[in-house]
K.L.:
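Before I ask anything, let me first share the structure, which is written out below as structure tokens.
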Amino acid sequence: MYALPPVYDFRTVEEEVRRFWAERGIPKKFLELNRGGPIFSFLEGPPTVNGYMHVGHVRGRVCKDVVLRFATMQGFWVWRRAGWDCQGLPTELEVERILGIRTKKDVEAIGMERFVEEANRLVDHYIQHWRKDSETLGLWLDYDTAYETRNERYMEHIWYLLKRAYENGDLIVSNKVVPFCPRCETPLSSHEVSLGYEEVEDYSLYVKFPIESMPGTYAVIWTTTPWTLPANEAVAVNPEETYVEVATGKGNLLIAEKLLDRVAAETGLGQVSVVRRLSGSELVGLRYSHPLAEEVGIHADHAPPAHTIVEAEFVSMEEGTGLVHIAPGHGPEDFELGKRLGLPAPCPISTTGVFTEEAGAFAGKNHREAAEDVIAALERKGLLLHKGKVVHTYPLCWRCQTPLVYLLSRQWFLRVDRIKRLMLEENSRVRWIPAWAGSARFREWLENAEDWCISRTKVWGTPLNVWTCESCGARRVVGSKAEIERDAIEKPQPLRMHRPWIDMVVFRCDRCGGLMRREPFVLDTWLDSGVAHFASVDYLSNPSLFERLFPYDFITEAIDQTRGWFYTLLFTSVLLFGKAPYKTVLTQSHVLDREGKKMSKSRGNVIWASDAFRELGVDNVRLYLLTKAQVWETMNFDPEEIRVVRSDLNVLWNVVSFAKTYFDLDRYDPEREGYDAYERFAEPEDRWIVSRVNSLIRSVTSSLERYELTDAVRALLRFATEDLSRKYIRAVRRRFWDEKRTPKKIAAYAATHYVLTRYLTVLSVFAPHIAEYLYQRIRSPSMPESVCLTRWPKVEEHRIDPDLEDAMEVADDVISSSLAARQKAGYKLRWPVARLIISPKSARAKDAVIRLLDYIARMTNSLRVEVLDVGQEPREAVKDLEPVLRSLGPAAGKRLNEVISALRSLRPMEVIESLESEGEYVLRLPDGTLFTLTQEHVQVVTRLPEWLREHEGRFARVYVDLKEDESVKALSAVNEVIRRVQVLRKELNLEVTELVDCRVYVDDSGWVEALKTLSEHFEEETRSRLEILGAPPRPEENDAVREWEVGGKRLVVGLKRTVGRGS
RNA sequence: GGGCCCGUAGCUCAGCCUGGCGGAGCGCCCGGCUGAUAACCGGGAGGUCGUGGGUUCGAAUCCCACCGGGCCCA
């Protein structure tokens, strides 16, 4: 038979449960549940498989698991195909590390074939780890049919999408300023750029731009990148700010007022005098002569708005002069501004960082070296106001430390303007949790969305499916691999869709007969995962499956996917189907380390999932991640705090262990002795816990339906510790101990079994391992073989009794108060009190107390319970008066002491009654004078006799009567002996049911009498035959003998096993 | 600079939507229990509800401004 180990050890539990699941094939059966029933469709956000799973990932995967288990148990056929995001920069970088590649040329040398092969191998490796960790976690997705973004069939869906987009005019080629490493000759993604910021020293240049209409006046700009000046096309000001024209020895200068002092100090202008103040908008439109007009010929052709002052709200007063040099070919912001204003956007620097012919006098030189020439030219013309140095952060190539250069280049985009409105509309129909993630955050992102740049200059990715004719520029967007097989005039054998093979495919141009070659880009990986809604189910072959799943009921990822997956899914879905691809989105926030710092490999503070599972326990980690904070709030992961949930689970463990022990002892049969059959024997606490568990199921169900996972788990754990363990088990313990198989005892078993089966079912959604383990211990043959295969429990409304639940709350309050009153008097719980007096504070409280009178008596160890009327005091309470010196003192003056003693000599009730009816009472003092006492001079207090202790609770005031009559004394004495016998039994490791002989010696005749009178009670409690001795029992005649000093009495107890009795 | 989130006991968090006695767990202190025992139970101390203003009979809660932390965007 199963026996429960004494403490909850997650290692053995989880190992055993995993083995059980594997042997019985439970996960497979679970995935098959409800096939053919109503569908709940989930779309897995594919983890990027370029590293291992850490606890941050675990949080998201636990959310997925909880929702999917819940849906399954509710009877849905759940669609939950796993998926893996296989391509992308991080993988490419790791391949480069493995192969020792540093530049683009190295890739060519080693061969792209080799490169891609290595990438595939890496992806295989990580997928294997992710699957293993996910399974250990208990996240049962359909891994066998998992979608992978590197699969050709998957990539064909992207091609299909882009072909459609191209036909509709949504796929366009356009220019964009991107960061380049001139040494590696490659553009860098924003992610790569953020890797490489460093503090560097650069020139700090102040340059004068002569204003044409105001000879002798100059706009002053500040720059640290002189190599961008040849491409200058405008100077921007902030229209809201104030500018000044100041007269200096170097001409009249235009500078922002707020920055004047700083600029004057840095450039050594000395004294300056303000000629006039102008608003930024007044400057707009002024033409200037390009400071390098003579050196850079192209500027001769540039007409306004080129070479004028323009306005831009991004001009800040934080640094520089408040006038910003604009080079549309070298800055993303500049380019956007230029596009809006219609500025030319020359980019006279090549991808190797060398000035081109367009740069005129500077052509042929590296842009950094040519900077000196630029400075020299400005100096010669008197346009350099100041040349200094500055240390600032600037992006370097993370590979080779070369400073980056921003260059205009040709990229492919998906247009957003046509679908933006529909995306916003569709978004408003999506249910976001929490709501602000969608209504505020995501909406804001959508409103500001710009065309999506999807082209990347990389190797390991989905290739862009656009072929361009070398001769006439005609384009062909290919929709499938089959199209290549059919139409290409050159293609490798076998044909593979990845680079480099795809680059070998050539078409003949329909229009001119020329050769069409592929645009050499791969695609942004966000497009890979962003088509999962239809690519993951192979829409192209199986549209009917797609129709059944789409739009998906549920997705969940971290909040950073607002601009990532949440966006790209919506984008492609609206583009293709005009509809949001998901109905409900649960957003999570990030998991940080104990101190609230981001987990990162370089900091060394990452907690890997597999380590956490092994060292902290899967269920513990799951519950911890769910309970500590709402999932959409960031949480700090502190392994120390795990013990809180572990201790909660241990309490549950003890409950089941306790129940299991007695179920086995009595061969309890839940099939025949269920709660239905025994409800009529149930005590109030049984009905209460049954009501409570139904209320719990109702609230957990509702929380889960609202995706408030944290609330659900908190309520669940609270029930186990508060309701089930602290209240219920404590209340029924004595019934469980009953030797006889009474209906009342079986009713308690039935209630416990009823509660546990339901509770464990609900728990299995959150902590499947321990739930399964405990479920197996109390499972009866007609129950499903695994807790994971059970149905979500139905709330049995007729068993919810809100009045009883309320009444129990009152009873608990009374019990606590009585314990507190005992404590004040140092009166132990094992000593019964003669009388418990309850003065309820309300009629409801009174009803409650009366309803649960017997329960209260049992739990407080009271021989009798008296319930008073609302607000009534016990008859032993005596009213008295206390002088209030603060008011009485000033009124009585010197006579104070006499007034007080006069007051004391009176019957308090007489004075109180007079004060109540007359509002005053006249005192006659010894010297014959009178003193008029009013209500504010005295305070009415209640005095209790010594033996009556009170405590005020929320619902009632409670008094315990500590007068020890004979029966109380006797019971107290016997209970003291019983307790010590139990200690001895335990030391002898006796079975709970084993009978013993018990020899007791005590040198107090009162105790001896008590033992004789209560011998039956004693024998029942201790499972023994009592023998009272006139002398201490001798060790040689007993299995154990112990001596105590109890309340001044000498007590010696001996125990002897009874051979052949008990078992 | 803009958007969003957070700020409540030493720590971790409820309460806020819908205004009405400021809460829980952990930790700490004191005590109890001993047939769930590597458990369990009771009591206690501990608060400028980030700050300031407003609305209101009444504000942790609603409104405004500010401060601090975080995420995203620029």
Side-chain angles (χ1 to χ4, degrees), chain A residues 4-9 190 238 240 313-318 332-333 336 434-445 447-450 558-564 587 589-590 592 594 596-598 624 627-630 632-636 638 640-641 643-645 647-648 650-662 665 710-711 714-715 717-718 721-722 724-727 729-730 732-734 736-737 815-824 826-831 859 861 951 954 975 978-987 989-994 1021-1023:
Chain A
L4 241 57
V7 271
Y8 167 47
D9 171 37
S190 59
N238 188 326
E240 309 286 315
E313 66 286 356
F314 62 74
V315 173
S316 88
M317 297 293 130
E318 300 295 310
E333 241 179 356
E336 287 308 314
W436 53 257
S439 63
R441 210 177 160 119
F442 194 45
R443 195 172 60 106
E444 219 247 340
W445 168 261
E447 278 167 354
N448 296 322
E450 289 172 11
I559 187 76
D560 55 351
Q561 300 300 335
T562 302
R563 71 192 171 96
T587 64
S589 195
H590 290 113
L592 308 175
R594 187 202 310 241
K597 293 203 198 77
K598 208 169 167 161
Y624 175 63
T627 49
K628 163 138 177 174
Q630 300 288 348
W632 50 82
E633 277 170 19
T634 55
M635 73 169 270
N636 302 353
D638 183 354
E640 280 290 304
E641 292 173 341
R643 68 198 156 84
V644 178
V645 287
S647 127
D648 284 350
N650 192 40
V651 170
L652 174 68
W653 179 274
N654 285 330
V655 168
V656 176
S657 162
F658 175 72
K660 170 79 176 157
T661 304
Y662 289 92
L665 221 52
T710 302
D711 291 353
R714 284 176 178 170
L717 291 181
R718 205 181 167 77
T721 53
E722 300 268 306
L724 191 53
S725 173
R726 271 171 218 167
K727 286 187 199 160
I729 294 297
R730 196 146 63 102
V732 294
R733 248 187 321 186
R734 303 200 71 85
F736 271 52
W737 296 340
I815 293 163
S816 289
S817 294
S818 99
L819 290 169
R822 276 168 177 272
Q823 172 135 332
K824 281 188 220 162
Y827 196 85
K828 294 180 181 179
L829 183 58
R830 88 170 73 95
W831 303 339
M859 300 311 286
N861 196 9
H951 186 92
R954 225 150 49 94
N975 284 348
I978 289 173
R979 196 215 119 197
R980 279 151 183 98
V981 174
Q982 307 291 28
V983 171
L984 269 191
R985 284 190 65 106
K986 187 150 177 239
E987 280 175 11
N989 263 330
L990 297 184
E991 288 293 319
V992 172
T993 48
E994 190 170 342
E1021 289 287 313
T1022 56
R1023 288 252 164 171

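Just so it is clear: chains get the letters A, B, ... in the order the sequence lines come, proteins before strands, and each one is counted from 1. Just so you know, these numbers use all the heavy atoms, side chains as well, and skip hydrogens, waters and symmetry mates.
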K.L.:
Watson-Crick or G-U wobble partner for B:rA65, using a 3.5 Å limit on both distances?
P.N.:
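Paired with B:rU51.
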K.L.:
Go through B:rC13, B:rC71, B:rA38 for me and flag the one nearest to the A:I559 side chain.
P.N.:
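My answer, after comparing the listed nucleotides, is B:rC71.
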K.L.:
Quick one: label A:R443 by what it contacts on the DNA or RNA (base, sugar-phosphate, nothing), any heavy atom closer than 4.0 Å.
P.N.:
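Result for A:R443 = nothing.
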K.L.:
Taking the same atom, C1', in B:rA45 and in B:rC26, what whole-Å distance lies between them?
P.N.:
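My reading of the C1' atoms in B:rA45 and B:rC26 gives 16 Å.
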K.L.:
Side chain of A:R441 only, please: which of B:rC13, B:rC71, B:rG25 is the nearest?
P.N.:
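Taking heavy atoms from C-beta onward, the closest nucleotide is B:rC71.
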K.L.:
So if I take every side-chain heavy atom of A:T634 and compare against B:rA14, B:rG70, B:rU12, which nucleotide ends up nearest?
P.N.:
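Shortest atom-to-atom distance from the side chain points to B:rG70.
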K.L.:
Between B:rG31 and B:rC71, how far is it from one C1' atom to the other, in whole Å?
P.N.:
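Each nucleotide's C1' atom is 48 Å from the other's.
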K.L.:
B:rA36, B:rA74, B:rC11: which one has an atom nearest the side-chain heavy atoms of A:F658?
P.N.:
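Nearest to the side-chain atoms of A:F658, counting from C-beta on, is B:rA36.
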K.L.:
More 5' along RNA chain B: A:A820 or A:R1023, using each one's nearest nucleotide?
P.N.:
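Residue closer to the 5' terminus by nearest nucleotide: A:R1023.
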K.L.:
Between A:R985 and A:W632, just flag the one whose closest nucleotide in RNA chain B comes earlier from the 5' side.
P.N.:
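Final value for this comparison: A:W632.
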K.L.:
Are A:R733 and B:rA36 close enough that a side-chain N or O sits under 4.0 Å from OP1 or OP2?
P.N.:
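Yes, within the criterion.
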K.L.:
Heavy atoms only, 4.0 Å cut-off, all strands: where does A:L592 land among base, sugar-phosphate and nothing?
P.N.:
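No contact at all - A:L592 keeps every heavy atom at 4.0 Å or more from the nucleic acid.
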K.L.:
Quick one: sort the A:F736 and A:F658 rings into parallel, tilted or perpendicular, breaks at 30° and 60°.
P.N.:
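Answer is parallel, since the angle falls under 30°.
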K.L.:
Could you tell me whether A:E633 contacts a base, only the sugar-phosphate backbone, or nothing, with contacts defined as non-hydrogen atoms closer than 4.0 Å?
P.N.:
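Counting heavy atoms under 4.0 Å across all strands, the contact made by A:E633 is with sugar-phosphate only.
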K.L.:
Which nucleotide in the set B:rC26, B:rC13, B:rG43 lies at the smallest distance from any side-chain heavy atom of A:A629?
P.N.:
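For the A:A629 side chain, the nearest candidate turns out to be B:rC13.
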K.L.:
In whole angstrom, what separates A:N654's CG from B:rA38's P?
P.N.:
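Distance check: A:N654 CG to B:rA38 P gives 9 Å.
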K.L.:
Look at all strands and tell whether A:S647 reaches a base, only sugar-phosphate, or nothing, counting heavy atoms closer than 4.0 Å.
P.N.:
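A:S647: no heavy atom of the nucleic acid under 4.0 Å.
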K.L.:
Looking only at side-chain N and O atoms, does A:W436 come under 4.0 Å of OP1 or OP2 in B:rG3?
P.N.:
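Checking B:rG3 against A:W436, no side-chain N or O comes under 4.0 Å of OP1 or OP2.
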K.L.:
Which listed nucleotide (B:rA36, B:rA14, B:rA74) is nearest to the side chain of A:R714?
P.N.:
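Output: B:rA14.
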K.L.:
Take atom P in B:rA36 and the same atom in B:rC11, then report the distance between them in whole Å.
P.N.:
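Nearest-Å result for B:rA36 against B:rC11 at atom P: 38 Å.
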K.L.:
Classify A:V655 by what it touches in the nucleic acid, base, sugar-phosphate, or nothing, heavy-atom distance under 4.0 Å.
P.N.:
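Here A:V655 touches the bases of the nucleic acid.
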K.L.:
So what does A:R718 hit on the nucleic acid, given a heavy-atom distance under 4.0 Å: a base, only sugar-phosphate, or nothing?
P.N.:
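Here A:R718 touches the backbone only, sparing every base.
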K.L.:
Among B:rC4, B:rA14, B:rA24, which nucleotide sits nearest the side chain of A:Q630?
P.N.:
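Per side-chain heavy atoms of A:Q630, the pick is B:rA14.
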K.L.:
Counting only Watson-Crick pairs (N1-N3 plus N6-O4 or O6-N4) and G-U wobbles (N1-O2, O6-N3), all under 3.5 Å, who is the partner of B:rA24?
P.N.:
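Checking every strand shown, B:rA24 finds its partner in B:rU12, with both distances under 3.5 Å.
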K.L.:
Base, sugar-phosphate, or nothing for A:W653, non-hydrogen atoms under 4.0 angstrom?
P.N.:
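The residue A:W653 makes no contact with any strand.
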K.L.:
Please classify the nucleic acid contact of A:T1022 as base, sugar-phosphate, or nothing, using heavy-atom distances under 4.0 Å.
P.N.:
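It contacts base atoms.
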